[in-house]
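Report on the following structure.
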Amino acid sequence: GWFVRGVGRYFMDPDTMIEAEVSYGETDQYVDGDDKGEIWNWGIKYKQRVAEEMPLYGFVAYRGGHYDATTEDDDGTEHAVLAGISFQWGATTLLQNDRYGANLDMPMLPARASAWAEALD
């Protein structure tokens, strides 16, 4: 399989960020190891510093996805609203971390990609 992904970030100030993401992928081993599938994912996230004395950040996010097992006529759409906190190591602001730091940025792949679940079967 393969996927393509685009991410855009806008910094309203060095410690406030809005992020948007969209991705598309295809595979030949989606369901039962031998079926074609298409995956669309999209999302938006707002992240802001919540503590002046330490690099502690809060975020809210929306993630959506549409998964289509084209050869089995199986499909599903999911929507999730997320909220949480994160701690940043090394950089002093979100903007500095984005430009110069270690930025672990993972794509929104479905659970099926790692064989944790088989929600469409």
Side-chain angles (χ1 to χ4, degrees):
W2 62 270
F3 76 94
V4 62
R5 176 178 179 236
V7 177
R9 294 186 182 112
Y10 175 73
F11 291 86
M12 294 179 283
D13 64 50
D15 273 322
T16 306
M17 175 188 74
I18 294 177
E19 176 180 276
E21 173 179 350
V22 66
S23 62
Y24 174 79
E26 289 186 8
T27 181
D28 289 335
Q29 299 179 2
Y30 196 51
V31 179
D32 304 328
D34 63 351
D35 299 298
K36 292 184 183 228
E38 296 177 344
I39 304 161
W40 276 101
N41 290 300
W42 56 88
I44 189 163
K45 175 170 54 174
Y46 174 82
K47 190 172 188 178
Q48 181 174 357
R49 190 175 199 142
V50 294
E52 285 297 320
E53 62 280 353
M54 69 176 84
L56 186 65
Y57 294 85
F59 71 88
V60 293
Y62 162 78
R63 287 188 174 179
H66 181 76
Y67 315 111
D68 187 0
T70 56
T71 54
E72 288 201 5
D73 238 2
D74 226 353
D75 69 340
T77 302
E78 67 181 20
H79 304 279
V81 176
L82 310 162
I85 58 171
S86 64
F87 188 86
Q88 186 169 287
W89 302 96
T92 58
T93 67
L94 278 176
L95 181 60
Q96 182 186 25
N97 189 63
D98 185 71
R99 300 300 191 263
Y100 307 108
N103 195 352
L104 179 60
D105 185 33
M106 302 294 290
M108 298 183 301
L109 295 175
R112 179 181 297 278
S114 58
W116 290 350
E118 300 231 356
L120 298 180
D121 288 348

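- To the nearest 0.5 Å, the span separating CG on Asp13 from CZ on Arg49 amounts to 10.5 Å.
- Hydrophobic clustering, defined by side-chain heavy atoms of Ile, Leu, Val, Met, Phe, Trp and Tyr closer than 4.5 Å, groups Met17 together with Phe11, Tyr57, Leu94, Leu95.
- For the side chain to side chain contact (heavy atoms under 4.5 Å, CB included) test, residues two or more places apart in sequence or in another chain that qualify with Gln96 are Ala91, Thr92, Thr93, Tyr100.
- As a member of the Ile/Leu/Val/Met/Phe/Trp/Tyr network built from side-chain separations under 4.5 Å, Leu82 groups with Phe59.
- Here the CD1 atom belonging to Ile18 is positioned 12.5 Å from the NZ atom belonging to Lys45, to the nearest 0.5 angstrom.
- Using cut-offs of 30° and 60° on the angle between ring planes, the pair His79 and Tyr62 is parallel.
- Taking the side chain as every heavy atom from C-beta outward, Trp40 and Val22 approach each other to under 4.5 Å.
- Take Val60 and apply the side chain to side chain contact (heavy atoms under 4.5 Å, CB included) test, not counting sequence neighbours, and it matches Tyr46, Ala83.
- Counting heavy atoms from C-beta on, the side chains of His66 and Trp42 come closer than 4.5 Å.
- For Phe87, the ring pair (Phe, Tyr, Trp, His ring centres under 6.0 Å) partners two or more places apart in sequence, or in a different chain, are Trp89.
- Put simply, CD on Gln88 and CG on Asn97 are 4.0 Å apart, with the number rounded to the nearest 0.5 Å.
- The environment of Ile85 atom CD1 is sparse: at most 12 non-hydrogen atoms of other residues, nucleotides or ligands sit within 6.0 angstrom.
- Between the CD atom in Glu26 and the CD atom in Glu38 there is a gap of 5.0 Å [rounded to 0.5 Å].
- Using a 4.0 Å cut-off between charged side-chain N and carboxylate O, Arg5 and Glu21 make a salt bridge.
- Residues forming a side chain to side chain contact (heavy atoms under 4.5 Å, CB included) with Ala20 (at least two apart in sequence, or on another chain): none.
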